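Structure first, commentary second.
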Amino acid sequence: MTAVQPLQLLSPEGGASVEPPEGLDPERLLSLYRNMVRLRVFDRRALNLQRQGRINFYAPASGQEAAMIGSAAALEPQDVAYPTYRESGVCLQRGMSLRTMADQLFGNARDLVKGRQMPNHWSSREHNIVSISSCIATQIPQAAGTGMAQRFRGENAATICYFGDGATSEGDFHAGLNFAGVFRANTVFFCQNNQWAITVPVTRQTAAPSIAIKASAYGFEGIRIDGNDLLVVYKTVREALEKARSGGGPTLIEALTYRMGPHSTSDDPRRYRTEQEVETWRRRDPIERLQRYLEARGWIDAEQVERIAAEAKEEVDRAISEAEAVGPPEPETLFEDVYARPTPQLERERRELLDLIRRGVVSRVTHTPIRGS
Amino acid sequence: MTAVQPLQLLSPEGGASVEPPEGLDPERLLSLYRNMVRLRVFDRRALNLQRQGRINFYAPASGQEAAMIGSAAALEPQDVAYPTYRESGVCLQRGMSLRTMADQLFGNARDLVKGRQMPNHWSSREHNIVSISSCIATQIPQAAGTGMAQRFRGENAATICYFGDGATSEGDFHAGLNFAGVFRANTVFFCQNNQWAITVPVTRQTAAPSIAIKASAYGFEGIRIDGNDLLVVYKTVREALEKARSGGGPTLIEALTYRMGPHSTSDDPRRYRTEQEVETWRRRDPIERLQRYLEARGWIDAEQVERIAAEAKEEVDRAISEAEAVGPPEPETLFEDVYARPTPQLERERRELLDLIRRGVVSRVTHTPIRGS
Amino acid sequence: MPVMNYIQALNSALNNAMEEDERVVVFGEDVGRMGGVFRVTDGLQKRFGEKRCFDTPLCEQGIVGSAIGMAIGGLRPVAEIQFMDYILPAYDQIANELATLRYRSGGQYAAPVVVRTPCCGGIHGGHYHSQSTEAIFTSVPGIHVVMPSDPYDAKGLLISAIRSEDPVLFLEPKKLYRSAKAEVPESPYEVPIGKAKRLREGEHVTVIAWGVMVKVCEKAVDAVAEKGIRCDLIDLRTLTPLDEEAVLSSVEKTGRVVIVHEARRNTGYGAELAALIAERALLSLEAPIRRVTGFDVHCPFTLDPYFLPDPPRVALAIEETARF
Amino acid sequence: MPVMNYIQALNSALNNAMEEDERVVVFGEDVGRMGGVFRVTDGLQKRFGEKRCFDTPLCEQGIVGSAIGMAIGGLRPVAEIQFMDYILPAYDQIANELATLRYRSGGQYAAPVVVRTPCCGGIHGGHYHSQSTEAIFTSVPGIHVVMPSDPYDAKGLLISAIRSEDPVLFLEPKKLYRSAKAEVPESPYEVPIGKAKRLREGEHVTVIAWGVMVKVCEKAVDAVAEKGIRCDLIDLRTLTPLDEEAVLSSVEKTGRVVIVHEARRNTGYGAELAALIAERALLSLEAPIRRVTGFDVHCPFTLDPYFLPDPPRVALAIEETARF
Ligand SMILES: Cc1ncc(C[n+]2csc(CCOP(=O)(O)OP(=O)(O)O)c2C)c(N)n1
Ligand SMILES: Cc1ncc(C[n+]2csc(CCOP(=O)(O)OP(=O)(O)O)c2C)c(N)n1
Ligand SMILES: [Mg+2]
Ligand SMILES: [Mg+2]
């Protein structure tokens with residue numbers, strides 16, 4: 001059992017002669033490039049916000065832009081996505097506005113999840129982005145279930161389930177892939193093997209030579225791809241989704257990529273990995289790779305590159321300052337959405353809290369959470 | 001991915017020319033044959049006991065004698081076994097007396113597990129037979145842990161973990177095999193694929209073409225064998241144990257066999273499987289197969305066969321009547337072994353119960369559990 | 001009206017629900033082809049097909065996890081866990097995922113899943129076929145917990161549960177499956193979630209129970225009645241949300257309380273009831289709040305009859321409380 | 001004696017335990033190479049090697065399951081679950097397996113495993129980094145549950161836990177990790193499991209708490225003291241087995257009780273305490289038993305400060321109880 005070489009269309013060195021896969025014309029490629037850039041800017045700004053003490057947590061996507069944007073670009077609007085906390089790029093590519101994304105980081109009154117969850121837990125029913133749980137791998141059997149529902153109901157829709165290399169060790173991974181195999185769910189399992197689960201390298205996560213090989217335990221195909229190659233990501237995911245929608249059953253895709261930044265703002269990766277390793281992956285940067293390709297094909301020029309970067313900065317800055325200006329949700333929202341309708345107990349607790357606030361016993365929350373709070 | 005043919009030494013038709021594997025001389029083979037016969041007699045008697053209302057539950061082993069006896073015979077005394085409720089044969093082969101086994105069925109005062117568990121939950125520290133939980137698959141990560149301890153401590157010992165085809169679907173299966181792979185535990189995973197998990201056929205349990213293939217997800221070897229062939233079971237398990245003891249890491253063995261009887265006395269298999277299927281497997285009976293082989297080699301004759309059967313009946317009958325004569329455990333045992341020493345709360349509860357019994361409020365348990373009780 | 005046992009009543013409810021709403025799907029281990037090891041789902045696969053009633057692989061975290069996903073995908077899943085003892089591998093999916101989905105998504109998503117499971121003991125099943133761990137679920141907001149004690153309530157509550165917009169943990173005392181019988185309409189009807197029922201009326205002692213213990217308490221209450229002690233017997237039926245009004249108004253009347261449950265005493269749901277009463281009706285109390293419960297051990301096999309409260313033990317506690 | 005924070009005290013205990021008993025092994029997610037995300041296991045792998053302190057795959061059911069097996073194999077496992085919120089996938093292995101092993105094997109086998117985990121909230125962590133689900137463990141016999149509130153107790157109780165013949169769930173309020181400091185001996189010592197500690201003495205109200213809430217109650221108790229209300233403040237330290245004597249004797253003296261915990265009210269461990277008191281010390285009570293707890297919602301992110309009891313809320317409850 002030796003590790004298979006990942007599929008690749010665009011090598012780090014260039015690959016100007018490669019034709020883009022079906023579905024990616026120059027215009028579309030340019031828009032994906034733009035989103036990758038916006039994503040990286042958003043990521044940097046969010047990390048800075050945390051360092052400046054303006055938000056209390058962030059988990060960055062840098063290095064994984066091609067995997068996120070490429071896979072999300074392959075989705076049709078009716079497809080359901082189950083992201084993890086790292087999939088800012090999936091939210092962006094599915095059409096969530098930067099403003100809505102920033103609202104979530106602040107947990108403000110306009111946040112779609114009502115300030116109920118930590119930063120990075122975006123969700124938008126409108127965009128078919130299911131609520132994220134911080135628990136690793138719990139979404140995997142859920143995504144199998146949604147794919148089962150799509151199959152049972154004969155829908156022309158599929159489900160994509162995101163997770164990391166670490167998640168493959170959880171019992172829920174096994175449960176989800178096994179159910180999907182048995183019921184031929186319309187689910188595509190998209191693993192971003194970014195080499196690390198916080199401080200644990202993937203080689204300590206499993207003795208298997210790849211993540212993709214694990215599909216053989218469930219009776220369907222596993223494909224290993226270069227996750228920093230937008231073209232191969234898009235093509236592979238698109239084909240797997242089409243197969244799923246047409247009743248061909250699930251696919252496991254292992255996208256080899258790298259978490260360039262820390263696991264989260266609570267982490268310092270210099271404690272457990274070498275600068276050399278990081279450098280190796282820096283040379284495989286997904287954005288630069290795509291940019292080189294677009295340049296080589298003559299689909300982008302230096303001026304455009306600069307404009308895209310400048311626009312991205314401006315958009316992200318505006319989104320953040322707008323989000324930061326919004327205050328926290330109202331206290332009574334604490335008791336909403338526990339059930340469809342509040343129970344008598346919750347009604348009483350709501351009255352109790354409002355009364356305590358009115359009497360000045362409990363002080364009103366006036367800020368969104370900041371670092372160290 | 002097509003199903004691999006299982007390894008086999010002794011075909012159902014005979015195989016007189018086959019030499020027994022290392023470790024199995026004629027005398028040893030005869031003793032294994034004897035245990036297989038005793039096991040089948042015990043099994044039939046236990047089923048009858050339940051039908052007669054003298055015990056309240058039983059899960060039979062019939063059809064799986066070669067898998068149980070062959071695998072257990074390959075163990076050294078220092079090896080640790082984690083059986084399931086079906087592994088009567090493993091207990092027998094490791095040296096548990098029929099009497100001790102019968103005590104457990106009655107849950108009587110002499111039962112090694114003190115009447116705390118349902119029938120079929122044998123355990124004996126003396127024989128390195130770990131306590132059985134009714135929960136499917138929970139023993140799998142535990143057996144990985146014991147194999148890890150053996151490896152960390154540099155012991156010349158291995159652990160064998162028994163489970164069924166149904167158990168492979170649980171999250172604990174995944175957890176256990178993955179840990180074993182990563183830590184190269186001294187653990188041999190022995191799956192008796194008896195085709196059914198109560199009423200669910202293995203084809204609905206997983207879409208994979210075999211159970212053995214699942215080992216590839218964990219970076220170690222998976223072997224599919226004919227579980228009704230005592231010789232191949234013994235040989236494969238022995239080699240896997242030796243490999244484990246010498247630091248070679250875990251192995252997954254899938255023994256193809258068949259549960260000839262009901263899942264348990266609560267089950268009626270005619271509701272969900274065909275007589276034809278049962279008949280096919282009847283022709284692969286593990287005891288008859290071994291007997292034919294021993295006869296063909298001239299290692300057993302008709303008279304011996306008869307004597308072994310007669311002795312088995314007598315031994316089993318004696319064990320059962322002795323066990324049945326023993327009453328239930330004393331009431332105060334209810335409060336023992338919750339902790340190493342009882343807490344003040346348990347002391348108080350013990351006094352309370354004894355007081356209630358003394359006052360005649362609660363009536364004394366005078367019988368071991370019988371059917372329908 | 002036909003007389004049905006508990007199993008038949010549940011089966012009737014499932015038939016009704018699957019008829020009236022084609023989004024309803026029923027699944028679990030041995031649920032499809034065989035109709036469940038207790039035959040609660042008997043005939044459903046035959047009648048509604050394999051896409052509406054099916055067997056799953058042996059994996060509780062997969063059953064509940066996929067049920068959540070099916071609900072998100074627009075179905076109305078009714079999942080069976082074969083025994084409540086085996087629900088624990090799914091505890092994370094229930095407590096961290098199912099019960100939180102509406103809240104953590106800011107009300108955007110919900111998973112109206114029903115998780116049915118046979119619970120409780122008294123059948124010489126040992127620890128692994130006897131548990132009633134309802135208290136580890138009542139501590140979780142976002143999911144309703146019900147445990148009907150008779151076929152009529154069982155059917156009505158199951159219909160309510162399947163129609164509910166919220167997840168429901170539906171607990172079925174297996175000891176009642178064949179022994180409890182009642183007149184049950186063939187057509188669908190609801191028994192509301194969150195409402196207790198008073199089975200006996202009396203001014204001396206309030207007796208609170210649910211599940212099999214309701215039957216035990218009926219016997220105990222009738223026995224003490226012969227000695228002139230008259231009890232309010234309250235069958236909670238729903239544990240979350242609790243019918244506080246039913247509990248408190250009775251205690252205010254009687255001033256004496258006996259709470260009876262199968263689960264062990266330590267942090268059982270009886271503790272919550274006692275705490276509620278000690279907080280909201282303390283001044284009415286004329287005697288200590290008694291709990292009659294399983295002992296704080298793992299339910300044994302042979303000595304099972306000692307473990308569970310029986311009518312004499314409950315009757316004694318009622319008498320002592322009445323005489324206090 | 002050196003001053004240590006809570007993390008340093010735990011680290012010191014682990015160093016002592018690994019020195020004195022080579023069977024002790026320490027493992028979990030990010031525990032080895034990195035020394036834990038909170039650095040509790042810092043330096044252990046370097047000092048004791050990879051066989052004694054190591055990283056596991058990301059799988060809680062595997063961590064606890066393999067810990068049981070390691071204990072059966074003769075080791076003394078100290079397993080870390082990265083956050084208590086993530087212990088739920090291991091709940092089955094803990095409640096059905098670890099806690100039952102001695103009982104179900106008739107005393108033949110035992111698994112002296114320590115499961116350590118950072119718990120509780122107050123750090124704006126949202127539902128998934130804030131839970132204190134101790135009550136789902138106190139309902140399980142066969143495992144001890146402890147939650148020390150200061151570094152001295154933390155070290156002494158961890159040593160006791162590792163030396164114990166029984167499994168122990170060791171809960172570490174992460175909010176105290178760096179904020180709580182105390183003089184802690186470098187050498188090993190035991191603080192006994194099952195003994196509460198009285199932190200303030202007074203005759204008016206008994207205040208019972210554990211974990212971070214002990215600190216909150218200290219402030220509240222000191223605040224009401226200025227108004228002339230004197231309290232017994234009891235830090236339970238161990239929840240199973242409960243130090244009933246400490247609770248009941250104080251309540252018999254004061255007749256008034258305020259129980260404070262972070263977990264939600266419904267079926268929290270406070271319910272068990274209230275029930276115990278209402279059963280065994282009812283006649284001493286002069287006021288309703290008050291519980292000050294988290295609200296019955298999932299711990300939110302932004303509004304986290306509303307969720308948890310704070311000193312003013314506790315002080316108000318004490319005053320109202322004293323004045324009742
Ligand atoms: C059930 C559970 N256990 C532990 C954690 C703590 N934790 C958060 S992220 C993480 C590592 C995840 O690694 P991976 O799946 O590779 O995703 P990545 O962060 O690399 O994107 C861990 C252990 C958690 N969130 N949930
Ligand atoms: C966790 C859990 N879920 C469900 C059950 C109920 N149950 C008992 S045996 C069984 C089937 C087991 O099948 P398999 O693993 O193939 O073993 P076999 O009985 O065939 O030997 C089931 C579902 C259980 N005991 N534990
Ligand atoms: Mg990763
Ligand atoms: Mg089987």
Side-chain angles (χ1 to χ4, degrees), chain A residues 56-57 106-109 111 113-119 121 133-138 164-172 197-200 204-206 266-267 271-272 328-329 331 333-338 343 345-346 349-350 352-353 356-357 359-363 365 367-370 373, chain D residues 28-39 50 54-63 65 82-83 85-86 88-90 92-93 122-130 264-266 293-317:
Chain A
N56 90 337
F57 177 88
F106 287 96
N108 67 24
D111 172 14
V113 306
K114 299 190 183 174
R116 300 248 172 78
Q117 292 219 69
M118 283 179 70
H121 291 66
S133 153
S134 309
C135 304
I136 296 295
T138 47
D165 43 305
T168 64
S169 295
E170 288 281 10
D172 275 338
I198 313 187
T199 75
V200 180
R204 306 286 297 173
Q205 205 61 250
T206 178
S266 317
D267 176 47
R271 299 190 67 99
Y272 53 85
T333 64
L334 191 66
F335 304 95
E336 292 168 4
D337 304 319
V338 179
T343 60
Q345 284 81 356
L346 285 167
E349 292 190 1
R350 185 174 59 79
E352 185 188 330
L353 176 63
L356 287 169
I357 293 174
R359 291 161 69 190
V361 179
V362 165
S363 40
V365 171
H367 288 290
T368 56
I370 55 178
S373 77
Chain D
E29 295 158 15
D30 306 293
V31 158
R33 187 197 292 229
M34 169 73 169
V37 295
F38 291 107
R39 323 215 39 75
E50 287 208 29
F54 51 89
D55 291 321
T56 65
L58 207 179
C59 180
E60 291 74 18
Q61 62 197 107
I63 292 172
Q82 198 162 87
F83 284 86
D85 314 82
Y86 307 135
L88 304 191
D92 186 51
Q93 284 286 349
I123 57 150
H124 273 300
H127 174 69
Y128 295 112
H129 297 84
S130 301
R264 297 170 289 237
R265 167 168 323 209
N266 195 350
T293 69
F295 290 106
D296 285 306
V297 303
H298 305 290
C299 180
F301 172 63
T302 307
L303 301 185
D304 169 299
Y306 293 140
F307 180 76
L308 290 180
D310 59 4
R313 233 173 104 196
V314 175
L316 178 68

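Just so we're on the same page: letters track the sequence lines, and every chain starts at 1. On a predicted model such as this, the values are computed, not experimentally measured, just so you know.
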Distance from [X] atom [atom1] to [Y] atom [atom2], nearest 0.5 Å?
X        : Y        : atom1 : atom2 : value
D:Asn266 : A:Glu349 : CG    : CD    : 9.0 Å
A:Asp165 : D:Leu58  : CG    : CG    : 9.0 Å
D:Tyr128 : A:Ser133 : OH    : OG    : 3.5 Å
A:Ser134 : D:Tyr86  : OG    : OH    : 4.5 Å
D:His124 : A:Thr368 : NE2   : OG1   : 9.0 Å

> Tell me, side chain or backbone of D:Arg33 under 4.5 Å from chain A's heavy atoms, or both, or neither?
Replying inline: side chain
> Contact part of D:Phe295 toward chain A, heavy-atom cut-off under 4.5 Å: side chain, backbone, both or neither?
Replying inline: both
> Pick from D:Pro89, D:Gly62, D:Ala315, D:Gly125: which one has the most heavy-atom pairs with chain A under 4.5 Å?
Replying inline: D:Gly125
> Given the options D:Glu29, D:Glu60, D:Arg265, which has more heavy-atom pairs under 4.5 Å with chain A than any of the others?
Replying inline: D:Glu60
Looking at [X] and [Y], would you say the former's side chain and the latter's main chain have a donor-acceptor pair under 3.5 Å?
X        : Y        : value
D:Tyr306 : A:Val365 : yes
D:Asp55  : A:Val200 : no
D:Asp296 : A:Gln345 : no
D:Thr302 : A:Asn108 : no
A:Gln117 : D:Phe301 : no

> Closest heavy-atom contact between D:Pro57 and A:Ser169?
Replying inline: CB-OG, 3.5 Å
